[in-house]
Student: 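Let me begin by handing over the structure; questions about it come next.
If you read the sequence from its start, that first residue is 1, and numbering goes on from there.
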Amino acid sequence: QVQLVESGGGQVQTGGSLRLSCRFSGYTFTSYCLGWFRQTPGREREGVAGLSAGVAYYADSVKGRFTVSRDNVENLLILQMNNLSSEDTAMYYCAADSYRVCHSGSWSLPTNYVYWGQGTQVTVSS
């Protein structure tokens, strides 16, 4: 059974940075499409970044500011977030599913993922 546990959320001022981590356990870490999503109340969950087989994918809203990476030794999925704005305030979730999800170009669709973490809150204040 795949388990995902996020950490690293918190409160930061506009223009600041945060580093989110997602610890993956259960199966072979490198075989999965891994995604970061975020959600605010009343809005649908949206894809932020995806990673599979060394290829990274980003939503247009975070390109140039966020970087997704993986630590294969520690089985961590990492999201480095820089130059944060109030629009980045949300609950952030990591997700995992077959590598085919990323390769099909559908990494940003939350319905394509079976495994989810519990989320970590990011709040950006001015």
Student: Within the 4.5 Å heavy-atom criterion, are Trp107 and Leu34 side-chain neighbours or not?
Tutor: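 Not touching, per the 4.5 Å side-chain cut-off.
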Student: Considering non-hydrogen atoms only, spot the tightest contact between Leu20 and Gly9 and give its length.
Tutor: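 What the structure gives for the nearest pair is CD2-N, 3.6 Å.
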Student: Do Trp36 and Val12 belong to the same hydrophobic cluster, where Ile, Leu, Val, Met, Phe, Trp and Tyr are linked whenever their side-chain heavy atoms lie under 4.5 Å apart, directly or via other members?
Tutor: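 Per the 4.5 Å side-chain linkage, Trp36 and Val12 are co-clustered.
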Student: Are Tyr93 and Val68 linked, directly or through other ILVMFWY residues, by side chains that come within less than 4.5 angstrom of each other?
Tutor: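 Hydrophobic grouping puts Tyr93 apart from Val68.
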Student: Please round to the nearest 0.5 Å and tell me the distance separating atom OH of Tyr32 and atom OG of Ser98.
Tutor: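 Answer rounded to 0.5 Å: 8.5 Å.
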Student: Grab the two heavy atoms, one from Arg70 and one from Gly54, that are nearest each other, plus how far apart they are.
Tutor: NH2-N, 4.4 Å
Student: First locate atom OH of Tyr99, then atom CG of Leu51, and finally report the distance between them rounded to the nearest 0.5 Å.
Tutor: 15.5 Å
Student: Any side-chain heavy-atom pair from Gln80 and Ser69 closer than 4.5 angstrom?
Tutor: no
Student: Give the ring-plane orientation class for Phe37 versus Tyr113, where under 30° counts as parallel, over 60° as perpendicular and anything between as tilted.
Tutor: perpendicular
Student: Can you classify the ring geometry of Tyr92 versus Phe66 as parallel (below 30°), tilted (30 to 60°) or perpendicular (above 60°)?
Tutor: tilted
Student: Are any side-chain N or O atoms of Arg23 and backbone N or O atoms of Glu74, one a donor and one an acceptor, separated by less than 3.5 Å?
Tutor: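 Side chain of Arg23 to backbone of Glu74: a pair is present.
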Student: Can you tell me how far apart CG (Asn112) and OG (Ser104) are? Round to the nearest 0.5 Å.
Tutor: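 The CG atom of Asn112 sits 6.0 Å away from the OG atom of Ser104.
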Student: Kindly check if the number of other-residue, nucleotide or ligand heavy atoms within 6.0 Å of CD (Gln118) is above 12?
Tutor: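 Check passes, neighbour count above 12.
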Student: Rounded to the nearest 0.5 Å, what separates atom CZ in Arg45 from atom CZ in Arg38?
Tutor: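 Going from CZ on Arg45 over to CZ on Arg38, the span is 13.0 Å.
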Student: Taking Val101 as the starting point, is it possible to reach Trp116 by hopping between hydrophobic residues whose side chains are less than 4.5 Å apart?
Tutor: yes
Student: Look only at the side chain of Glu6 and the backbone of Cys22, and say whether a donor-acceptor pair between them is shorter than 3.5 Å.
Tutor: no
Student: Please report the shortest heavy-atom distance between Cys94 and Leu77, naming the atom on each side.
Tutor: CB-CD2, 4.3 Å
Student: How long is the straight-line distance from CG of Leu79 back to OH of Tyr58, given to the nearest 0.5 Å?
Tutor: 8.0 Å
Student: Measure the spacing between CG of Leu4 and CG of Asn75 and express it to the nearest 0.5 Å.
Tutor: 10.5 Å
Student: Kindly give the heavy-atom pair with the smallest separation between Arg19 and Ser21, and that separation in Å.
Tutor: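 Taking Arg19 first and Ser21 second, the nearest heavy atoms are NH1-OG, 3.8 Å.
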Student: May I ask you to decide if Ser106's main-chain N or O and Tyr57's side chain share a donor-acceptor pair within less than 3.5 Å?
Tutor: no
Student: Does the Asp97 side chain pair with the main chain of Val114, one donor and one acceptor, at a distance under 3.5 Å?
Tutor: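 Yes, Asp97 side chain to Val114 backbone: donor-acceptor pair under 3.5 Å.
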Student: How far apart are the closest heavy atoms of Val48 and Val62, and which atoms are they?
Tutor: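 Closest approach of Val48 to Val62, heavy atoms only: O-CG2, 3.5 Å.
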Student: Count the heavy atoms belonging to other residues, nucleotides or ligands that lie under 6.0 Å from CD of Gln121, then report whether that count exceeds 12.
Tutor: yes
Student: Taking all non-hydrogen atoms of both residues into account, name the closest pair between Val122 and Leu18 and its distance.
Tutor: CG1-CD1, 3.8 Å
